[in-house]
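Since the model is a prediction, treat every value here as computed from it, not as a measurement.
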Protein chains: 2
Amino acid sequence: METAWDDQLRTAGLRVTRPRLSVLGVLAEHPHVDADTIATAARAVHPSISPQAVYGVLKALTGAGLARRIEPAGGPALYELRVGDNHHHLVCRGCGTVADVDCVVGQAPCLTPSDAAGFAVDEAEVVFWGLCADCQVRRSQHGYGSNTAIGEGVGA
Amino acid sequence: METAWDDQLRTAGLRVTRPRLSVLGVLAEHPHVDADTIATAARAVHPSISPQAVYGVLKALTGAGLARRIEPAGGPALYELRVGDNHHHLVCRGCGTVADVDCVVGQAPCLTPSDAAGFAVDEAEVVFWGLCADCQVRRSQHGYGSNTAIGEGVGA
DNA sequence: CGTCTTCTTTTGACTGAGTCAAATCAACGG
DNA sequence: CCGTTGATTTGACTCAGTCAAAAGAAGACG
C-alpha cells in the first residue's frame with residue numbers, strides 16, 4: 001500500500017511519471033497539504049518539477065479518484081490520499097492544521113438534511129473548526145493577542 | 001425588521017451610510033450572493049459605489065455580526081443576513097444556487113466529532129452538495145452533456 | 001447651524017491561487 | 001528502437017480579494 005503507486009496509476013489509466021510518483025510520495029508523508037507545499041517538497045525528490053506540473057498531476061489524481069481535494073474556507077486547497085471513505089475534517093483556527101474525523105456513511109444522522117428543498121443531495125461535507133491541542137496551550141501561555149492567521153502553518 | 005437597518009448599524013457601533021444601506025438592501029433581497037453581484041445590484045440604488053467599498057462594507061457587517069460569510073468550495077465567497085442561528089447550506093452543483101437548511105444547535109448528533117483529536121471545536125460547518133430541482137429537470141431533458149460550472153449562475 | 005474629528009469610501013496598485021494554451025518532452029506499446 | 005499519445009514545461013492570463021493613501025461624509029459638540 002505504499003510502493004504500489006505504479007499499479008494504482010496504471011490501473012487508473014494514467015502513465016507512471018516521475019512528477020506523479022513524487023507528488024504521491026509527498027501526499028503519503030503529509031496527509032493534508034496545499035499545492036505549493038507539494039511543489040516545494042516534490043522538488044526535493046525531482047528538482048525540475050514545475051508548479052504547474054503539480055496542478056496538472058493533482059488534477060489527474062483527483063480526476064482518477066486517487067486523491068481528494070478539500071477547500072477549507074479562507075485558505076488554499078489541500079489534498080489527501082484518503083479516498084473512498086466518507087471522512088471529514090477538523091481544522092485549527094490557530095495554525096491551520098487539519099485532522100481527519102471518521103464518519104461512516106449511513107451512520108451520520110444529520111447528514112440527511114431535514115428539508116432538502118427539492119435538492120438531490122449526493123454528498124455532505126463537514127468541517128469542524130476549533131483549536132488544536134498545541135494552539136490551546138500556546139494561547140493560554142501567551143495570552144490572547146497571539147492569533148496566527150489560518151493557513152500560515154499548513155503543512156509547511 | 002426591514003427598515004430598521006439604521007438602528008442595527010448604530011447599535012453595532014457602525015455609521016449609517018448609503019453604501020451600507022444599499023448592501024443591506026441587496027442582501028435582504030438575495031439571500032446568498034457573492035461580492036461582485038452585490039456590487040452590481042447595489043449600484044442600481046447607489047450608482048457611485050465601488051467594488052472595494054463593497055468589500056469594506058461586507059467586512060464591517062461580518063465583523064459586527066450583521067452578516068455571515070460562507071465560502072463554498074470552488075466559488076467566490078457568499079454573504080447572507082441570517083446570523084445567530086446555526087443553519088447550514090445546500091449547494092447545487094449545476095447552477096450554484098444555495099438554499100438554507102435549519103440545524104438547531106444541540107439537536108445535531110454528528111456535529112460532535114467522534115474523535116476530536118484534542119481539538120476544542122467551536123463550530124461545525126456543513127455543506128450538502130447536490131442538484132437543485134431545476135437542474136435535475138434540466139439534466140434529464142438535455143441529456144448528460146450540459147454540466148454548468150459551479151458559480152456561474154450564483155445570484156446573477 | 002457650523003465646525004471638527006473620526007470613520008468610510010474612493011482610487012489604484014498589488015498579491016496569491018489557480019487556469020489555459022502552445023510547444024517540448026517522455027512513457028510505453030508495438 | 002520508433003512512433004503515437006499523453007504529460008510536462010513555459011509563459012501569459014484571470015479572478016477574488018487585500019492594502020494603503022487621499023478624499024469625502026457622518027455625527028458629536030459647541
Trainee: Given atom CD1 of A:I70 and atom P of C:dA17, what is their separation to the nearest angstrom?
Mentor: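 Atom-to-atom, A:I70 to C:dA17, this comes out as 16 Å.
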Trainee: Remember a base hit wins even if backbone is also touched, and classify B:A77 as base, sugar-phosphate or nothing at under 4.0 Å, heavy atoms.
Mentor: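 Result for B:A77 = sugar-phosphate.
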Trainee: Using whole Å, report how far CZ of B:R43 lies from P of C:dT9.
Mentor: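 My rounded result for the distance is 14 Å.
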Trainee: When hydrophobic residues are tied together by side-chain contacts of less than 4.5 Å, even through go-betweens, does B:L131 share a cluster with B:V127?
Mentor: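 Shared cluster, no.
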Trainee: Output one line per pair: protein atom, nucleotide atom from nucleotides 22-27 of chain C, and distance, for all N/O pairs under 3.5 Å.
Mentor:
unit_1, atom_1, unit_2, atom_2, d
C:dA27, N3, A:R15, NH1, 3.4

Trainee: Are the side chains of B:V57 and B:Y55 in contact, using a 4.5 Å heavy-atom criterion?
Mentor: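 No, side chains not in contact.
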Trainee: Give a yes or no on whether the backbone of A:V33 and the side-chain of A:T37 come within a donor-acceptor separation of less than 3.5 Å.
Mentor: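 No, A:T37 side chain to A:V33 backbone: no donor-acceptor pair under 3.5 Å.
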Trainee: Would you mind writing out the side-chain donor-acceptor pairs for residues 45-54 of chain A within the sub-3.5 Å range, not counting sequence neighbours?
Mentor:
unit_1, atom_1, unit_2, atom_2, d
A:H46, NE2, A:S48, OG, 3.3
A:S50, OG, A:A53, N, 3.2

Trainee: Picking from D:dT10, D:dA7, D:dA16, which would you name as closest to the side chain of A:R20?
Mentor: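 Nucleotide nearest to A:R20's side chain: D:dA7.
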Trainee: List, with names and distances, any nitrogen or oxygen atoms from the protein found under 3.5 Å away from nitrogen or oxygen atoms belonging to nucleotides 12-14 of chain C.
Mentor:
none

Trainee: Can you measure A:L14 atom CG to D:dG6 atom C1' for me and round it to whole angstrom units?
Mentor: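 Going from CG in A:L14 over to C1' in D:dG6 covers 10 Å.
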Trainee: Scan the side chains in residues 71-83 of chain A for donor-acceptor partners under 3.5 Å anywhere in the protein, sequence neighbours excluded, and list what turns up.
Mentor:
unit_1, atom_1, unit_2, atom_2, d
A:E71, OE1, B:G74, N, 3.0
A:E71, OE2, A:R69, NE, 3.2
A:Y79, OH, A:R69, NH1, 3.1
A:E80, OE1, A:H32, NE2, 3.0
A:E80, OE1, A:H87, NE2, 3.2
A:E80, OE1, A:H89, NE2, 3.0
A:E80, OE2, A:H87, NE2, 3.1
A:E80, OE2, A:H89, NE2, 3.1
A:R82, NE, A:D85, OD2, 3.1
A:R82, NH1, A:D100, OD2, 3.4
A:R82, NH2, A:D85, OD2, 2.3
A:R82, NH2, A:D102, OD1, 2.8

Trainee: Starting at atom CG of B:D36, determine the distance to atom P of D:dT14, rounded to an integer number of angstrom.
Mentor: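 Atom CG in B:D36 sits about 16 Å away from atom P in D:dT14.
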Trainee: Over how many whole Å does the gap from B:L58 atom CG to D:dT18 atom C1' extend?
Mentor: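 So the two atoms are 14 Å apart, to the nearest Å.
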Trainee: Where each residue is assigned the nucleotide of DNA chain D containing its nearest heavy atom, which of B:E71 and A:P19 is assigned the position nearer the 5′ end?
Mentor: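 Of the two residues, A:P19 wins.
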Trainee: Roughly, in whole Å, what's the span from CZ in A:R69 to C1' in C:dA17?
Mentor: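 Result: 9 Å.
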Trainee: Nearest-Å distance, NZ (B:K59) to C1' (D:dG17)?
Mentor: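 After rounding, the gap between these two atoms is 9 Å.
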Trainee: Whole-Å distance between C:dA21 P and A:Y55 OH?
Mentor: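 Computing the A:Y55:OH to C:dA21:P distance gives 18 Å.
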Trainee: Got a sec, which residues hit salt bridge (charged side-chain N to carboxylate O under 4.0 Å, His left out) with B:R10, two or more places apart in sequence or on another chain?
Mentor: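 B:R10 satisfies salt bridge (charged side-chain N to carboxylate O under 4.0 Å, His left out) with B:D6 once adjacent residues are dropped.
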Trainee: Specify the angle, to 10°, made by the local axes at the two ends of the helix from C:dC1-D:dG30 to C:dG30-D:dC1 when five pairs are taken at each end.
Mentor: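 Roughly 30°, once rounded to the nearest ten degrees.
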Trainee: Ignoring backbone atoms, establish whether B:S48 has a side-chain N or O less than 4.0 Å from OP1 or OP2 of C:dT9.
Mentor: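 Checking C:dT9 against B:S48, no side-chain N or O comes under 4.0 Å of OP1 or OP2.
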